Amino acid sequence: MKPKIFLGNFSFRNSYFIASVIGLTLYLVLAVYVCSLWPKTSDQASYFLAGLDVLHGNWRLHDWVLTPPDFWTSDIPLSAFLSGLWHLLGRPAGSPFLLMVQPAILWVGVVASAFSVVFLRLRGIEERLGAATLLLPVLAFPLMRSPMAYFITLSAIHMGALIYGLWALHWADRFLSSGSYRSLAAVAGLLCLGVIGDPLLAVTGAGTIIAYAFLAQHFALRQRGLLVLASLAGTVLAKAILHINAVTGGFVTEPLETRFAPWEQLGSNFGTSVRAIFLLYGAEPFGQAVASTIPECFRLLLVALAFAAAFKIARSGWQRGQIAAFPMMLLLSAALNFVALALSNRIALDGSPIAVARYLFPLWIDLACLTALVWPKKGVAVSLAAMILVVTLITDYRNLPAHSTGLLSSDDNQLLSRLERDLPPDGVGSWWSSGNLEVASLGKIHIYPGMKQGNGTVAPFVHIRKKMDWHDFDGKAFFVLIPHPEETFGETEALRTFGTPAKRLTEGRYTIFLYPADHLPVRAS
């Protein structure tokens, strides 16, 4: 019997499904392992603590202050779900192990989504194998490449929005081809959930669909109008939900002032944005010895394939106007993402090119899918990708850290033992270690981050945390951690704010001030 157009006959469909499940499981195991190799950041740990608060019933996160990408519909609920499941299995709900599992699941979700939306548009084993060969070196195995691995295995970096955005484009394409109102509802729902968690999706998701609806004159005006209305409805509803939640006692987000970059910085911004694309592809050999950058030089070919695919789709789309909707939307999404970053002040605020690169994650996913859709039967392209995949696997495996220190660095592991053994459960620390230490202690130690003020005192750093002030320590013994070199405050600011400690201790790179329960701190304003 001739195989059916989608997955073939029943036995083949089952084999395909089983192979997919096995492949995703093995990739998830690899992702968890790689996630365990780097200490986590307080951003990720603090969002994990927010997930624990959701698990305990505070699902609107009353009294919390989150970043403008609040991840309320991605990282936070996933953390809550994993913690609840872990508790049902008889393990601690706040286990640090979950900080390795959670970002791994999100990243595997991104990769699986990219494979799915591509495979749904290809026919036959040959095309899908070609597409998989093109996707693997671009998306799957940057997981093993530092510093890219460090960023994609952290939470709070747009991963949930990538999944929502990719599937929103998929269902927008389905609506245009079928007219199904279910597809239209899926677009609005996915955009709503995505924009709630990350405002970037208003540009790369809703903005893309609206732009395509205006450009795609070969579709009926009614269809395009409905698609615009659904995109606007999902985005506006997301903003309304966030506003209502905030004014009725839920979490608030820090102000996000979006500015255009000054005119004289546009050239530099453009260059930094292009460099960020090379960093995402692991193809940035510039400034390094040629002999040590052979893998990077090879991966430049992947960038060339992506740009060639984008050029082909753009030329076909404008000349004939009948190019498939999904590839054109991928191209528009990537272009809007690049322009939004290059014209904004985010590059000047973040500084480091690798930090800037995370804002181009949607572009990265879009170009990867576009390449796989354009070149799956092009023998030269597939052969190049296969060669680069082999080189990447060999070289990046050798560069993985030899062992893991766990959630904390070696110094902080030593500090945690001292805190649990000799000190009270409440304290103040720098932003960089506070959340990590709290999670690593399974909640036995509570460390609130402090930040140096212009007047020389330390104030609570209310960032991905519940609101508080130092009076919460009244009647309690507490400690103050001061790392060396200084991070968010130093000894002088601590003494001016909290007064002279009863004891002064040293542990590794930390000085520890210990204050008794009856201490009346200065708390100079």
Side-chain angles (χ1 to χ4, degrees), residues 39-46 48-50 52-53 63-65 94 96 254 405-525:
K40 302 307 171 192
T41 70
S42 269
D43 289 64
Q44 185 185 355
S46 297
F48 181 72
L49 292 171
L52 288 177
D53 210 14
D63 272 347
W64 278 78
V65 177
E254 298 165 358
T405 61
L407 175 63
L408 305 174
S409 65
S410 299
D411 284 346
D412 285 355
N413 276 318
Q414 181 181 341
L415 172 67
L416 180 61
S417 299
R418 181 74 179 272
L419 295 177
E420 292 178 329
R421 185 179 67 246
D422 299 331
L423 295 170
D426 298 295
V428 180
S430 76
W431 164 250
W432 306 111
S433 59
S434 56
N436 291 352
L437 288 166
E438 187 163 334
V439 172
S441 73
L442 297 177
K444 295 190 288 289
I445 302 292
H446 302 282
I447 303 175
Y448 206 91
M451 180 67 69
K452 178 170 61 176
Q453 303 300 293
N455 61 6
T457 63
V458 181
F461 184 43
V462 188
H463 173 73
I464 323 178
R465 283 283 181 158
K466 279 188 172 181
K467 298 174 185 176
M468 66 93 70
D469 62 40
W470 300 143
H471 286 293
D472 289 356
F473 291 143
D474 288 347
K476 299 178 181 178
F478 67 97
F479 59 87
V480 178
L481 296 176
I482 304 163
H484 301 286
E486 179 182 314
E487 292 178 356
T488 53
F489 63 88
E491 291 189 25
T492 302
E493 293 81 23
L495 290 170
R496 183 170 183 181
T497 306
F498 302 108
T500 304
K503 288 185 181 178
R504 178 189 177 107
L505 310 171
T506 300
E507 186 63 49
R509 67 185 185 95
Y510 290 89
T511 296
I512 306 171
F513 290 170
L514 180 60
Y515 296 91
D518 58 355
H519 177 74
L520 296 177
V522 177
R523 294 178 181 136
S525 60

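Source: prediction; values computed, not measured.
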Next on the checklist: Using 0.5 Å steps for rounding, measure from the CZ atom of F479 to the CZ atom of F473.
Outcome noted: 8.0 Å

Next on the checklist: Nearest 0.5 angstrom please: I447 CD1 to L419 CG, how far?
Outcome noted: 5.5 Å

Next on the checklist: Tell me whether R421 is salt-bridged to E507, with the criterion being a basic N under 4.0 Å from an acidic carboxylate O.
Outcome noted: no

Checklist outcome for this item: Note: I464 and E254 closest approach over all heavy atoms is N-OE2, 4.4 Å

Checklist entry - Under the 3.5 angstrom rule, does the side chain of E493 hit a backbone N or O of G490 as a donor-acceptor pair? => result yes

Item to check | Atom pair CG (D43) and CZ (F48), whose distance is rounded to the nearest 0.5 Å | outcome: 15.0 Å

Checklist entry - Checking side-chain contact (heavy atoms from CB on, under 4.5 Å) against S42, which of S430, S433, S434 comes through? => result S434

Checklist entry - Does Q453 use its side chain to pair, donor to acceptor, with the backbone of M451 at less than 3.5 Å? => result yes

Next on the checklist: Let me confirm one number: the CD-NE2 distance from E491 to H484, rounded to the nearest 0.5 Å.
Outcome noted: 4.5 Å

Item to check | Minimal non-hydrogen separation, L442 against P96, with atom names | outcome: CD2-CD, 3.6 Å

Item to check | Point-to-point distance, once rounded to the nearest 0.5 Å, from CG of L415 to CG of L423 | outcome: 8.5 Å

Next on the checklist: Just checking K444: does its NZ atom have more than 12 heavy atoms from other residues, nucleotides or ligands closer to it than 6.0 angstrom?
Outcome noted: yes

Checklist entry - For E438, which residues count as a salt bridge (charged side-chain N to carboxylate O under 4.0 Å, His left out) partner, sequence neighbours excluded? => result R465

Item to check | side-chain contact (heavy atoms from CB on, under 4.5 Å) assessment of F513 paired with R504 | outcome: CA-CA 5 Å; F513 290 170; R504 178 189 177 107; 3.5 Å; yes

Item to check | Candidates Y515, W470, Y448 - the one meeting ring-ring contact (aromatic ring centres under 6.0 Å, His included) with F478 | outcome: Y515

Checklist entry - Going by distance alone, is a donor N or O of one side chain under 3.5 Å from an acceptor N or O of the other, for D412 and Y510? => result yes

Checklist entry - Looking only at atom types and distance, does a side-chain atom of S46 sit under 3.5 Å from a main-chain N or O of G435, one as donor and one as acceptor? => result no

Checklist entry - Are T497 and F489 close enough that some pair of their side-chain heavy atoms sits under 4.5 Å apart? => result no

Item to check | Heavy-atom check, side chain of E420 versus side chain of S441, under 4.5 Å | outcome: yes

Next on the checklist: Could you check whether any side-chain N or O of D469 sits under 3.5 Å from a backbone N or O of P460, counting only pairs where one atom can act as donor and the other as acceptor?
Outcome noted: no

